[in-house]
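Please read all numbers here as calculations on a predicted model, not as lab measurements.
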Amino acid sequence: MTTAPASTFAATLIPRLRLFVIPLVLVGLIALFSALSPVFLTPQNLTNILMQNAYVVIAAVGLSFVMISGGIDLSIGYQMSVVGVVTAVFMKWLNVPVAPSIALGIACGVAMGLTNGLLSITLKVHSLIVTLGTLTVYQGLSYIISNQQAIINLPPSFKFIGQGYLGPVPVAVILMLACVALAAFILNVTSFGRMIYAIGGNEDAAFLTGIPVIKVKIAVYSLCGLFSAIAAVVLFARSGSAASSTGPGTEFTAITAAVLGGISFKGGEGKMLGLVAGVLILGVLSNGMQLVGLNNYAQYIVKGLVLLAAVGFDTWQNTPRTKRKAA
């Protein structure tokens, strides 16, 4: 007779527990690497972790809009590549001032995101397949624009975005916090944010309630392109150069962080706090493993295992209790 209340209690407890587990995992990792390396907990190293992962957080913010709406975008890495080389070409080869070059690069990012949304809706194909195709298109486009060359010695005013400080705080971290705050406001306060959650939860029901599903989904992919472009500006400004090989791979880190932070592959749920914690867990893992002497290949294995664990937990918590028992 107590099965239904117990089931309801478990269904309520697990998502709430996840909100606390992820920050606790982050704190635990910080404590672990602080014990293993005396360098880890220094202000310089902690600032370095934030600067290294600022662009990942911004890219993951954009991807989170798509994932909460029930989609996925595998092309953001090469979107970033295109934005970076376009911005650099305007600045270095065409002698366009820095601000207009950045604006044109960001416009390219929005256009690529918009293209993904339009193709997904027009072709009526899952965004996984669509963005797998556009990923290849953007890859070729990036290498054509850059002429397969690295564009070096970008202007100091551009590099300031990725390398500079305002007081003790890195500019990249300020941009990261601004993007997170803006995304949290959109998702938690605006009616547009509520529509995104509704579409991710049940697209057919959202349509029947009068939500303009097509318009919202197009806007979501455009937002993803916008944040990916901002992430590209931060990344290329930090490196001080532009190459078509820079940017790809960010999508998998962002997806791992998003799922780890509580954004479901099924859509309809996820918060910015969990997303940021997910990115920082991966950043702390990478930084800590480097400090204790683990090579890059070992780090790939650990990150892959983290993704598998996060996806497994996401699948488990979204599986009805009766199906779990049957399995």
Residues I76, C224; criterion side-chain contact (heavy atoms from CB on, under 4.5 Å); working and verdict: CA-CA 8 Å; I76 62 171; C224 182; 3.7 Å; yes
Heavy atoms from other residues, nucleotides or ligands near CZ of F40 exceed 12 (cutoff 6.0 Å): yes
CZ/F252: more than 12 non-hydrogen atoms of other groups inside 6.0 Å: no
Any donor-acceptor N/O pair, S37 side chain to F33 backbone, under 3.5 Å: no
Any donor-acceptor N/O pair, Y197 side chain to G270 backbone, under 3.5 Å: yes
CG on N287 to CG on N45, rounded to 0.5 Å: 4.0 Å
Full working for side-chain contact (heavy atoms from CB on, under 4.5 Å) between V233 and F158: CA-CA 9 Å; V233 170; F158 177 73; 3.9 Å; yes
L280 side, atom CG; I49 side, atom CD1 - distance, nearest 0.5 Å: 8.5 Å
N/O donor-acceptor pair under 3.5 Å between S120 side chain and G117 backbone: no
Under 3.5 Å: donor-acceptor pair, side chain of Q79, backbone of G77: no
Rounded distance (nearest 0.5 Å) linking atom CE of M289 with atom CG of L29: 9.5 Å
Value rounded to 0.5 Å, distance of OG in S264 from CE in M67: 7.5 Å
Test item: V98 and F160 side chains (from C-beta on) under 4.5 Å apart, heavy atoms: no
Derivation and outcome, side-chain contact (heavy atoms from CB on, under 4.5 Å), residues Y78 and S244: CA-CA 8 Å; Y78 274 109; S244 294; 5.8 Å; no
Heavy atoms from other residues, nucleotides or ligands near CD1 of I152 exceed 12 (cutoff 6.0 Å): no
Same apolar cluster: V302 and L291, side chain cutoff 4.5 Å: yes
Spacing of CD1 belonging to I196 relative to OG belonging to S191, to within rounding of 0.5 Å: 10.0 Å
same_hphob_cluster(L119, V213) at 4.5 Å side-chain heavy-atom cutoff: no
Closest non-hydrogen atom pair between K159 and G240, with its separation: CD-CA, 3.5 Å
Closest heavy-atom pair and its distance - A231, I58: N-CG2, 3.7 Å
Within-4.5 Å side-chain heavy-atom neighbours: Y221 and I121: no
Transitive ILVMFWY side-chain link I186 to L114, under 4.5 Å: no
Donor-acceptor under 3.5 Å (S34 side chain, I30 main chain): yes
Side-chain donor or acceptor of R238 paired with backbone N/O of I161 under 3.5 Å: no
Sub-4.5 Å side-chain heavy-atom contact between P170 and M176: no
For the student: nearest non-hydrogen atoms of L118 and I218, plus distance: CD2-CD1, 3.5 Å
Residue pair I263 / S64: nearest heavy atoms and the distance that separates them: CD1-CB, 3.4 Å
Side-chain donor/acceptor of S286 to backbone N/O of G283, under 3.5 Å: no
Other residues, nucleotides, ligands: >12 heavy atoms within 6.0 Å of I214 CD1: no
I72 CD1 to T131 OG1 distance, which is reported to the nearest 0.5 Å: 7.0 Å
side-chain contact (heavy atoms from CB on, under 4.5 Å) partner of L74, the single match among I129, N116, L132, V130: L132
ILVMFWY network linking L282 to L308, side-chain heavy atoms under 4.5 angstrom: no
Side-chain (S142) to main-chain (Q139) donor-acceptor, under 3.5 angstrom: no
Geometric class of the F65/F227 ring pair [parallel <30°, tilted 30-60°, perpendicular >60°]: parallel
F185-V57 co-clustered via ILVMFWY side chain contacts under 4.5 Å: no
Considering all heavy atoms, the nearest M112-Y138 contact: O-OH, 3.0 Å
Backbone N/O of N153 and side chain of K92: donor-acceptor pair under 3.5 Å: yes
Shortest non-hydrogen separation from T250 to A59 and the atoms involved: CG2-CB, 3.9 Å
